[in-house]
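Report on the structure given below.
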Amino acid sequence: MSLNLAQLRAFVAVADEGGFGAAAGALGVSQSAVSHAVAALEKAVGLPVLSRDRRPRPTAFGEDILVHARAALSAATAITTLAAEHTGSAKGTVRLAAPPSVCQGLLRALLEHWAAELPHISVQLFEGEDDEVAEWLGNGTADAAVLVDPERDTGTVVGEDVFHAVVRRDHPLAGEAAISVADLADDPLLLSAGGCEPHVRRLFRAAGTPLRATHHVRELGTLLAMVTHGVGVSVAPGLVSALLGRELVLVPLRETVGRRLVLTGPQHQPWQPATTALVASARRRTR
């Protein structure tokens, strides 16, 4: 029996993508190459691993070996990554997605750190709202991302912050040491719809105050501009301080809700060595 990683990679790709054409696109090879690799795998093991229906699916035997195929690919990626780290040969471009507040308030220092420690890796930054960032990582648009409070913590925590009220500098509450979200009831509330809404709702529940948003605003820059022009007040994470003009201030809240910012790669695909190197470098810096 002669197995190789190319055969296993083709089999897993067809199982995951639901077809030979889609698997070829995901792997960046021809459909013929995928078909030949799967056929070679079946010849090596002596059993069919995929049904040849309109939508190929693993056979019963294919299901049995699928978990082992994934483990073998993950192990090979881990070995390659460790070798790259030890030899300093990790290189390439990593497409990194992150929310605006993270891009402005956190990533500047990390980018400088990576440039010094990993000179052969370039980072291409994609800025999007929380849900967009998670989607880009899931569909392969991004190789890595800074996720907010992810369910699965497979990366490293690169930052934490808590939520504050955002008001104009001339607002009556601007000089207070701390306020409650209930104190914002006299002003129109601008609610971020780009990912912070669950955290804001938790704050209002903690205060026992109904959340009545006058405007739902997706783009953080638009929200801050509206507060600047006196349309209302808002609640946002502390990292937005890097985005504030002189007209706005953050006021601490007595109700405390924080968020964890986790740098990670894709959950269901092997990480490329450059992504693993970035995460490992960030972990060393955090420690």
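None of the values given here were measured: they were computed from a predicted structure.
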> Can Gln267 and Thr154 be said to form a side chain to side chain donor-acceptor pair (under 3.5 Å), step by step?
Replying inline: CA-CA 8 Å; Gln267 293 184 359; Thr154 56; 5.5 Å; no
> Could Arg70 and Asp16 be called an ion pair, given the rule that one side-chain N must be under 4.0 Å from one carboxylate O?
Replying inline: yes
>> So that I can tick it off, tell me whether Arg95 and Asp143 are bridged by a salt bridge, with the cut-off set at under 4.0 angstrom between side-chain N and carboxylate O.
In response: yes
> Do you know which of Val262, Leu263, Val102 makes side chain to side chain contact (heavy atoms under 4.5 Å, CB included) with Val158?
Replying inline: Leu263
> Given side chains that start at C-beta, do those of Leu190 and Val233 come closer than 4.5 Å, heavy atoms only?
Replying inline: no
>> Under the criterion side chain to side chain contact (heavy atoms under 4.5 Å, CB included), I'd like the reasoning laid out for Val123 against Thr93: C-alpha separation, chi angles, the key distance, then a yes or no.
In response: CA-CA 6 Å; Val123 178; Thr93 299; over 6 Å; no
> Is there a salt bridge (charged side-chain N to carboxylate O under 4.0 Å, His left out) between Arg52 and Glu42 once you walk through the steps?
Replying inline: CA-CA 13 Å; Arg52 295 306 196 272; Glu42 292 178 326; 2.9 Å; yes
> Is any side-chain heavy atom of Val133 closer than 4.5 Å to a side-chain heavy atom of Pro99?
Replying inline: yes
> Can you list the steps and then say if Thr228 with Arg246 is a side chain to side chain donor-acceptor pair (under 3.5 Å)?
Replying inline: CA-CA 9 Å; Thr228 298; Arg246 289 182 294 179; over 6 Å; no
>> Between Glu117 and Ser281, does the side chain to side chain donor-acceptor pair (under 3.5 Å) criterion hold? Intermediate values first, please.
In response: CA-CA 8 Å; Glu117 186 168 292; Ser281 176; 2.7 Å; yes
> So does Asp131 pair up with Arg218, basic N to acidic O under 4.0 Å?
Replying inline: yes
>> Apply salt bridge (charged side-chain N to carboxylate O under 4.0 Å, His left out) to residues Asp183 and Arg254 and explain how you reach the verdict.
In response: CA-CA 11 Å; Asp183 296 327; Arg254 296 191 188 98; 3.8 Å; yes
>> With no hydrogens and no angle check, just 3.5 Å: does a side-chain donor-acceptor pair link Glu197 and Ser192?
In response: no
> If you draw a 6.0 Å radius around CZ in Arg212, do more than 12 non-hydrogen atoms from other residues or ligands fall strictly inside?
Replying inline: no
>> Looking at Arg201 and Leu211, would you say the former's side chain and the latter's main chain have a donor-acceptor pair under 3.5 Å?
In response: no
